[in-house]
Amino acid sequence: MKRFGRVTALGGVDLAVPAGTVLGLLGPNGAGKTTMVRVLATLLPPDAGRATVLGLDVATRPGAVRRVIGVSGQYAAVDGYLTGRENLRMIGRLSGLGRRSARHRAEELLHELDLTDAAARTARTYSGGMRRRLDVAASLVARPRVLFLDEPTTGLDPRGRLGLWRLIGQLSAEGTTVLLTTQYLEEADRLADSIVVLDHGVVIAMGTAEQLKAQVGGDRLELQASPGTDTHALAGAMAGLGTGEATISADDSRVVIPVAHGPAILPEVAARLARSGLRVSDLALRRPSLDDVFLALTGTSAAPSTSDTATVGSRR
Amino acid sequence: MTATVAPRDRVRMAGPGWWLANVATITGRNLHRLVRVPTLIAFATAQPVLFVLLFTYAWGGAVRPPGVARYIDYALPGIWVLAIAFGASQTGVAIADDLATGMIDRFRALPMTRSAVLAGRTTADAARNLFVLALMTGVATAIGFRFHAGATAALAAVALAVAVGLAFSWIFAMLGLLVRDPESAGIGGLLAVIPLIFTSSTFVPVATFPGWLQAVAKVNPITVTVDALRALCLGGAAPTQVWPALAWIGGLLAVTVPAAVLRYRRTTAR
Ligand SMILES: Nc1ncnc2c1ncn2[C@@H]1O[C@H](COP(=O)(O)OP(=O)(O)O)[C@@H](O)[C@H]1O
Ligand SMILES: [Mg+2]
């Protein structure tokens, strides 16, 4: 548990990340993701509860925890006045690498994060995405056994994002335990072995991506009504097609229907539209968004845990 | 990830050796930053030189302290302290900036020694001060300044000036940790420095102050330090003039170093 004055940033979090797996901590702004990471990274003392990393209690053995973790915080923390290369060498030296190893490791990571060309430039001149990648590189310098990444792909372009996804996959395959936070279900889906959904400091759901999606109910069919088309009539025309209630957007222009096996129902949708004569200006099948997850999960799940334990890198 | 081929020359991460290695790394970081910003170097070197020239030519005609032939001989030790104090106030800005940008978080999540972030910064300050002192003294010498008490006393003066700079740096490091906002730390630093400098013997003899201000000036650590420096530069230095300065510096360091380190341990970003 962690409070800031009257705000309870974390309360009722009970999570375990088995060693060598990737846990995705999913939640909207203010959910408590960063606070969770900072507690586990020994940057914030928990007010109550127990958090361990590889069996080491963060409150009583922070020094030992720091030897096994790598942290990339939500905002890239690199020294703008040092070059990318100097930043990584400095972190290497401060992590206990000898001079030569620190140099070697810096080159390795510059290469892996696609920063070799910019290595000799001061980090001030980097784009947001480059700073982010340098920050991630800094977290990997000591080859940590446990890696915390707080919204690592925020601000990356698609190529940078793919590169980082690949890297996280590799690290995990090599046995690194990863806890990453994200606002994107897609990212958690792609990377994480299991997902914990956090809202207002409380775990509201956990499981594999498949399990969560089953709870959320598959894809979403979205119909944008043409001007003059009655959305209620539209919803009526689609009755029985979805797996749940059709909802009409607040501005009365869109009908959203949860559907089980997305593409297979498209011909039926087209047929019903033709039959009813109702007109739509746009029709889309969407994977459940974070919004959908929250719509489906908030309040529903979670008798919130009161035990408050976080165990990262536990043996299975 | 590619397998590492480098020999794993890991360092023993404990004990004084580890602390020293960390301090050296952070000192290197700060010195690197210093040379990396050309405008910073330009201003950081122009400022002390300007101080020397301005005070000598603007005030040198009006102020004639008793017992010295040239005002520059009297003023240089004070100008040293002024330049060092201004420079040290930058340390508050830098530490607040490290907090604001998350650098301190990054350091705190590393297995490094906690105090090294502050000790490395203040050590870099000391190195910079040595350079600034040499520069100012060179310029002053070109316009007439002379040490009057021999080489040993001159070196002792420089060492004392560096020591007082160290005390300033730790004070401002503490200020940066407390204030957290870089801009406020900058303004706060100047607010602290300017009254202390002007209510001291830095530019004019304390005897010219009104009575109540003399009382303040006499206990002002800057007066004590500048008087000691002056004694070492002008000659006739009795140990009794140097001890009070050493006591002040020692006392300040004994308080600010542990206080700042403790504060650092407890401080987080945001
Ligand atoms: N230092 C702080 N002081 C006060 N409130 C804070 C502090 N840090 C975080 N909070 C609050 O705690 C809650 C969780 O924040 P955070 O962990 O940053 O969420 P997330 O990373 O999921 O966006 C928010 O309500 C936030 O305003
Ligand atoms: Mg966050």
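In what follows, chains carry the letters A, B, and so on, assigned in the order in which the sequence lines appear, proteins first and then strands, with residues in each chain numbered from 1.
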Exercise for review: Look at the side chain of B:Arg106 and the backbone N and O of A:Ala77, then say whether any donor-acceptor pair between them is shorter than 3.5 Å.
Suggested key: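 Checked: pair present.
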Review point. Is there a donor-acceptor pair closer than 3.5 Å between any side-chain N or O of B:Arg36 and the backbone N or O of A:Leu82?
Key: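 Checking the backbone N and O of A:Leu82 against the side chain of B:Arg36, no donor-acceptor pair under 3.5 Å is found.
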Working to the nearest 0.5 Å, report the span between [atom1] of [X] and [atom2] of [Y].
X        : Y        : atom1 : atom2 : value
B:Thr113 : A:Leu94  : OG1   : CG    : 9.0 Å
A:Arg93  : B:Thr25  : CZ    : OG1   : 5.0 Å
A:Tyr81  : B:Asp97  : OH    : CG    : 7.0 Å
A:Asp79  : B:Phe107 : CG    : CZ    : 7.0 Å

Measure distances from [X] to the heavy atoms of chain A and classify the residue's part below 4.5 Å as side chain, backbone, both or neither.
X       : answer
B:Ile26 : side chain
B:Arg12 : neither
B:Arg33 : both

Check your understanding: Should A:Arg38 and B:Asp105 be marked as a side-chain contact (heavy atoms from CB on, under 4.5 Å) after you check the CA-CA gap, both sets of side-chain angles, and the distance that decides it?
Key -> CA-CA 9 Å; A:Arg38 289 169 59 80; B:Asp105 267 356; 2.4 Å; yes
Crowded around [X] [atom1]? As in, over 12 foreign heavy atoms under 6.0 Å?
X        : atom1 : answer
B:Arg263 : CZ    : yes
A:Arg61  : CZ    : no
A:Arg166 : CZ    : no

Practice item. Quick one: closest heavy-atom pair of B:Ala109 and A:Val71, and the distance? Key: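 Heavy atoms only, the tightest pair is CB-CG2, 3.8 Å.
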**Study point:** chain B contact via A:Val141 - which portion, at a heavy-atom distance below 4.5 Å
**Key:** neither
Check your understanding: Relative to chain B, which segment of A:Ser95 carries a heavy atom at a distance below 4.5 Å: side chain, backbone, both, or neither?
Key -> both
Point to revise | Verdict with supporting geometry, A:Glu86 and B:Arg29, salt bridge (charged side-chain N to carboxylate O under 4.0 Å, His left out) | key: CA-CA 8 Å; A:Glu86 287 165 347; B:Arg29 170 200 180 213; over 6 Å; no
Point to revise | Top contributor to chain B interface from A:Ala138, A:Gly92, A:Gly73, A:Pro62 [non-hydrogen pairs under 4.5 Å] | key: A:Ala138
Check your understanding: So do the side chains of B:Leu110 and A:Arg66 get within less than 4.5 Å of each other, counting heavy atoms only?
Key -> no
